[in-house]
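See structure below.
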Amino acid sequence: MTTTSEPRVSGLEIRSIDYVPLDERHGKLWHLGPLWFMSNAQIATLAVGLISITEGGNLIWSLIAIVTGTVLGTFFMAFHSAQGPQLGLPQMIQSRPQFGYIGALLVWLFAYIQYAGFNVFNTILAGEAMHTTVHGGVKLWVVVVTVVALVIALVGYDVIHKAEQFLTYTFLVVFGIFTVGVLVTLHYPAGSFDLGAFKWTPFLAQFGVVAGYQISWAIYVSDYSRYLPPDVTVRKTFYWTYFGSALGGIWLMVLGALLAAWAGKDFDTIKSINAAGDKVFTGFGAIVLLFAVLGLVSVTALNMYGGSLTLISAVDSIKRVRPTLSVRLVTIGLTAALSLVGALAATSNFLENFNNFLLLVLYLFIPWTAVNLMDYYVVRRGHYAIAEIFNPRGIYGRWGWQGIISYLVGFGVMVPFFAVGTLYTGPVADALGGADISLFIGLPVAGALYWWLTRSIDVEAEARLAEAEAEELERAAHEHREP
């Protein structure tokens, strides 16, 4: 029986960035499937499938770009998921072995911006959907959605898993009918399925955004697998995460491309969903939108939960904090408040440029995922002295120069390949007609450089230290403190 130095509050998760002891591990591996399916199967993802259509690509090549981009991007994201059961830690705290106790603040800042930014977009989208169907004003519903998501995030890990399972089952019914309606009742422009109408620039733009969007989930995944027992295999953890996320992402992005091709210049996420749904039967568009709001609430809760863990990690790097329930409640509340203020203050100009903002944030995590995965699977092969992750003077150091250099170089070599709408087009991207292939540059460069810089690490010595500290690690977790 786990004991803590503070009384448990019924229904609320207590743990945050601290290690999950073995006797608290629970859950079933298949739970990862519905969680990552539903996290992606929400209408914010739908907007990711519009890029090629809006840039002049035809429908069939847009669909091919979506599928291939998802297949690649989800590959990296799913490998992060397997880290959770083995380490018993949330995702972003695992950056310390690569970037150092303080150096990891670099990626945590970018992660927190991503959480907040996605929540601004999600809550505005949910508010517009509710106002379209129920009325009452977008801002009122933004507040309501934020509060409901806050409650889910406060209860924590288990209720998030259960909510996503329920939503998955209902999604299959509601969006199954909606998808059939889109395929059967809508008409698409001439040449939509002409394989001979290939255009390189919109295809690569769509491929890159999709792959980057899937990689952006990498900062979340161990948060929702860390309570699983460590004897689940890496292979099965990978499969449940991969296929759940890939299927959910492909489904919604394909819907986005189909709706954009049908609506043309008149496309609007909420209005187009409503109109397409009403072609199935009058009023069905409203049903689809109301259900879509539930999906947006759930992913907003995920962002609050992950944002809280990232914020606690950042504060702990400056001043050690005991990961108590009160700290968790305060940081979730702060994350929710910041998202709410951003959503209420957002202007139409902000929304027009939000895709560019998201693309910039996604660029920031391409070199991080390369460094983190290279370290876990190749350099240290899953062997970490977990207690040292919480030690500011431990073996991982305050500044992980190998990780920081690899990250900065990986990001730097990507810059000439960037194509961010009207904001910036790098010289290489410009020479390629606006095609963005930065993903294919940053990933291998950052990963290979990190491997080369870390050849001298004594992995066996770290493994021996981990074994020596294992008993104290479990004891500290039971006392609800950092080791």
Side-chain angles (χ1 to χ4, degrees), residues 19-41 67-95 97-98 157-158 160-161 164-165 168 210-211 213-251 302 306 365-366 368-386 389 443-444 447-448 450-451 454 459-460 462-463 466-467 470:
Y19 167 76
V20 180
L22 297 178
D23 59 359
E24 287 187 22
R25 303 298 185 92
H26 65 280
K28 298 183 183 300
L29 198 51
W30 69 264
H31 292 170
L32 295 175
L35 184 134
W36 292 116
F37 174 84
M38 199 61 224
S39 296
N40 244 345
V67 173
T68 53
T70 302
V71 167
L72 176 67
T74 313
F75 179 85
F76 297 97
M77 169 266 198
F79 269 120
H80 285 287
S81 183
Q83 298 169 344
Q86 306 306 315
L87 301 182
L89 296 174
Q91 190 67 64
M92 295 313 293
I93 199 74
Q94 298 174 29
S95 296
Q98 302 98 51
Y157 181 94
D158 287 327
I160 289 173
H161 271 275
E164 299 291 45
Q165 289 166 32
T168 295
V210 169
Y213 183 78
Q214 291 302 98
I215 289 174
S216 75
W217 286 109
I219 69 172
Y220 298 68
V221 284
S222 282
D223 298 353
Y224 302 100
S225 62
R226 73 190 198 276
Y227 279 89
L228 289 170
D231 58 356
V232 298
T233 65
V234 169
R235 178 172 56 85
K236 291 182 179 179
T237 306
F238 172 88
Y239 285 157
W240 279 109
T241 303
Y242 185 93
F243 288 108
S245 181
L247 290 173
I250 288 172
W251 191 333
L302 260 72
F365 285 100
I366 289 172
W368 169 80
T369 199
V371 168
N372 184 265
L373 291 178
M374 179 62 72
D375 187 63
Y376 186 88
Y377 287 101
V378 179
V379 176
R380 290 186 166 95
R381 299 185 295 279
H383 299 296
Y384 292 84
I386 295 174
I389 291 176
L443 271 170
Y450 183 78
W451 170 81
T454 54
V459 178
E460 292 183 359
E462 291 186 10
E467 186 176 352

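These values consider heavy atoms only, across backbone and side chains, with no hydrogens, waters or symmetry-generated copies. Count residues from 1 along the sequence. Fair warning: this is a prediction, and the values are worked out from it, not measured in the lab.
In terms of heavy-atom proximity, Y377 sits nearest to A82 at OH-CB, 3.4 Å. Annotation for P85 and P229: closest pair CB-O, 3.7 Å, computed over non-hydrogen atoms. For V210 against G69, the heavy-atom pair with the smallest separation is CG1-C, 3.6 Å. Closest non-hydrogen pair, Y157 versus L228, comes out as OH-N, 4.3 Å.
Under the salt bridge (Lys or Arg N to Asp or Glu O under 4.0 Å) criterion, D223 pairs with no residue, sequence neighbours left out. Scanning for side-chain hydrogen bond (donor to acceptor under 3.5 Å, both in side chains) contacts around Q86 gives an empty result, with sequence neighbours left out. Considering only residues two or more places apart in sequence or on other chains, Y227 meets the side-chain hydrogen bond (donor to acceptor under 3.5 Å, both in side chains) condition with E13. Taking H26 as the reference, D158 meet the side-chain hydrogen bond (donor to acceptor under 3.5 Å, both in side chains) condition, with sequence neighbours excluded. W251 meets the side-chain hydrogen bond (donor to acceptor under 3.5 Å, both in side chains) test with T179; sequence neighbours excluded.
Aromatic rings of F79 and F238 (six-membered ring for Trp) have centroids within the 6.0 Å cut-off, being under it.
Not one N or O on the side chain of T241 forms a donor-acceptor pair closer than 3.5 Å with the backbone of M77.
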Let me have the donor-acceptor pairs involving side chains of residues 29-40, under 3.5 Å, with sequence neighbours excluded, atom names and distances please.
| from | atom 1 | to | atom 2 | distance (Å) |
| --- | --- | --- | --- | --- |
| H31 | ND1 | K28 | N | 3.4 |
| S39 | OG | L35 | O | 2.6 |
| S39 | OG | E164 | OE2 | 3.4 |
| N40 | OD1 | W217 | NE1 | 2.9 |
| N40 | ND2 | Q214 | OE1 | 2.9 |
| N40 | ND2 | S245 | O | 3.0 |
| N40 | ND2 | S245 | OG | 3.1 |

